[in-house]
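The analysis underlying the following values was restricted to heavy atoms, covering all of them including side chains, and did not include hydrogens, waters or symmetry mates. In this text, all values refer to a predicted model and were calculated from it rather than measured experimentally. Every chain is numbered from 1 and lettered A, B, ... according to where its sequence line falls, protein lines coming before strand lines.
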2 protein chains.
Amino acid sequence: MTRTPPDQTTAKRGRPRAFDRDAALAKATQLFWQRGYEATSIGELTRAMGINPPSLYAAFGDKKALFLEVVSTYGETYGAFTRQALDEEPRAYDGMARLLREAAVSFTDPTHPRGCLVICAATNVTEQSSDVEADLRALRAGNIAEFERRFRAAVEAGETAPDADPHAMANFYAAVFQGMSQRARDGGTTDELRAVAEMAIAAWPKP
Amino acid sequence: MTRTPPDQTTAKRGRPRAFDRDAALAKATQLFWQRGYEATSIGELTRAMGINPPSLYAAFGDKKALFLEVVSTYGETYGAFTRQALDEEPRAYDGMARLLREAAVSFTDPTHPRGCLVICAATNVTEQSSDVEADLRALRAGNIAEFERRFRAAVEAGETAPDADPHAMANFYAAVFQGMSQRARDGGTTDELRAVAEMAIAAWPKP
DNA sequence: CCGTTTCTGTAGTGACTGCTATAGCCTGGG
DNA sequence: CCCAGGCTATAGCAGTCACTACAGAAACGG
């Protein structure tokens with residue numbers, strides 16, 4: 001293990017890297033997001049990134065590590081709106097409504113691939129990549145658990161009908177969110193996704 | 001083009017087939033359903049079907065044709081409940097409710113892979129299989145169009161609020177259905193999917 | 001019996017997969 | 001100025017992919 005993780009502040013001995021690491025990562029993100037993990041080959045990646053295989057492996061480790069880094073930065077950029085919506089809105093209802101409405105826009109944004117990378121980029125996978133699939137699955141499970149915690153607090157705070165079930169609500173809104181991603185991939189328009197969001201918001205068990 | 005399509009009633013000249021074509025197709029269905037189209041290799045298929053590659057190609061054409069035949073029989077068996085629910089229930093509300101409740105059971109049935117094959121078996125795909133992806137996409141689009149037709153009739157029949165939007169409703173229930181498939185793939189239980197179904201059913205715009 | 005037809009297993013095809021050995025290039029520190 | 005360190009490109013690794021040429025086996029009609 002001689003490879004240094006992304007750490008651009010250390011001493012700069014040796015020949016400097018000839019490409020922009022962040023720009024290359026962004027290119028990889030686009031490809032993985034569009035085609036998925038296994039359907040994107042190293043050849044496609046290096047071509048899009050404008051580098052040769054040894055440079056990719058020196059900079060990112062291997063295909064799996066590159067993908068996980070893509071997923072990580074995705075969560076801090078494109079996918080950050082979900083956590084923000086829940087964190088910044090005082091009431092769970094407002095947070096979930098904002099989350100779904102912003103998803104309708106983000107999932108159909110023409111400046112990047114459609115849908116959510118965490119949901120769609122590692123679904124059809126061979127046995128040898130089942131750990132990558134499991135990683136994304138765990139991310140999704142964490143998000144749903146976050147939904148449920150938020151909803152449980154909301155029920156206790158009287159923001160819902162008193163008999164509302166936080167677990168059921170978390171599963172419902174997760175299914176709607178993941179369904180919206182799927183619909184976006186299939187070509188659903190922003191307005192169509194917005195309509196889905198509004199019907200799901202209207203299903204909130206009001207107090 | 002000397003190959004004969006599945007036609008077991010024609011004259012039986014030549015050496016007879018040594019394996020059960022339907023049983024082999026069922027095995028292929030399980031594999032494609034579980035892993036997806038491209039992640040399932042001919043080697044895995046022939047091993048599971050108990051035959052050699054030439055037998056597979058003689059009986060089914062090629063990988064793409066085999067998959068499409070799998071999809072076709074899937075629609076007449078495992079996936080038939082969706083059409084039946086809408087066709088057999090006089091009221092659209094009852095049809096959709098039944099469809100979602102049966103999906104909660106079917107998507108988590110332990111006797112076969114989870115979720116819906118049409119939704120999940122060709123999502124991450126290379127360029128050379130984009131036609132397969134498009135085929136399933138078209139099937140999904142057809143189902144949504146069917147939802148919308150059914151809902152439009154329901155609105156005109158006064159089975160909903162008068163200002164209900166059939167297009168929005170079709171998109172909403174399609175998203176929930178596809179989301180339930182995704183949740184099932186991620187390990188969601190029958191009861192959790194049932195809870196999702198009930199919240200979606202409760203969102204029906206009642207008259 | 002023969003000849004035709006179709007299936008079967010063996011053993012490959014070329015093209016691609018993720019990945020890397022090697023050698024040369026370019027930089028810093030001493 | 002030299003050398004060590006890290007990046008670069010070329011070229012190629014073993015393995016797998018979907019698919020098939022070939023020859024033998026098993027059924028039919030005549």
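When atom types are taken as modelled, the side chain of A:Lys64 and the backbone of A:Ser129 share no donor-acceptor pair closer than 3.5 angstrom. In this structure, B:Tyr173 contributes its side chain and B:Phe147 its backbone to no donor-acceptor pair below 3.5 Å. Side chain of A:Arg150 to backbone of A:Leu86: a donor-acceptor contact under 3.5 angstrom is found.
Summarising the geometry, the separation between CD on B:Glu127 and P on C:dT17 is reported as 12 Å, rounded to the nearest angstrom. Atom CZ in A:Phe67 sits about 14 Å away from atom P in C:dC19, given to the nearest Å. Distance CZ (A:Phe60) to P (D:dT8): 11 Å, rounded to an integer number of Å. Between the P atom of D:dT16 and the CD atom of B:Glu38 lies a distance of 18 Å, rounded to the nearest Å. One interatomic measurement links the two molecules: CZ of B:Arg17 to P of C:dC7, which rounds to 6 Å at whole-angstrom precision. Following rounding to the nearest Å, B:Asn52 (CG) and C:dC7 (C1') show an atom-to-atom distance of 11 Å. For the pair B:Lys63 NZ and C:dC16 C1', the computed distance is 13 Å after rounding to whole Å.
Between B:Glu44 and B:Arg47 there is no salt bridge, since none of the side-chain N atoms of the basic residue sits less than 4.0 Å from a carboxylate O of the acidic one.
Taken residue by residue, residues 41-51 of chain A places heavy atoms nearer than 4.0 Å to DNA chain C at A:Ser41, A:Ile42.
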Begin from the C-alpha positions of A:Phe172 and A:Trp204 and carry the test ring pair (Phe, Tyr, Trp, His ring centres under 6.0 Å) through to its verdict.
CA-CA 10 Å; A:Phe172 172 71; A:Trp204 184 273; over 10 Å; no
Residue pair B:Phe60, B:Phe67: steps toward the ring pair (Phe, Tyr, Trp, His ring centres under 6.0 Å) verdict
CA-CA 9 Å; B:Phe60 299 102; B:Phe67 181 73; over 10 Å; no
Please walk me through it: do B:Thr189 and B:Asp191 pass side chain to side chain donor-acceptor pair (under 3.5 Å)?
CA-CA 5 Å; B:Thr189 66; B:Asp191 282 345; 5.6 Å; no
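Using the six-membered ring where Trp is involved, A:Phe81 and A:Phe177 have ring planes that are tilted, between 30° and 60° apart.
For the pair B:Ser55 and C:dC7, the criterion of a side-chain N or O lying under 4.0 Å from OP1 or OP2 is not met.
Counting heavy atoms from C-beta outward, B:Phe32 and B:Tyr74 have side chains that stay 4.5 Å or more apart.
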Letter per nucleotide, 5' to 3', of nucleotides 20-30 of chain D [B base touched, S only sugar-phosphate touched, - untouched; heavy atoms, 4.0 Å]
BB--BBBBS--
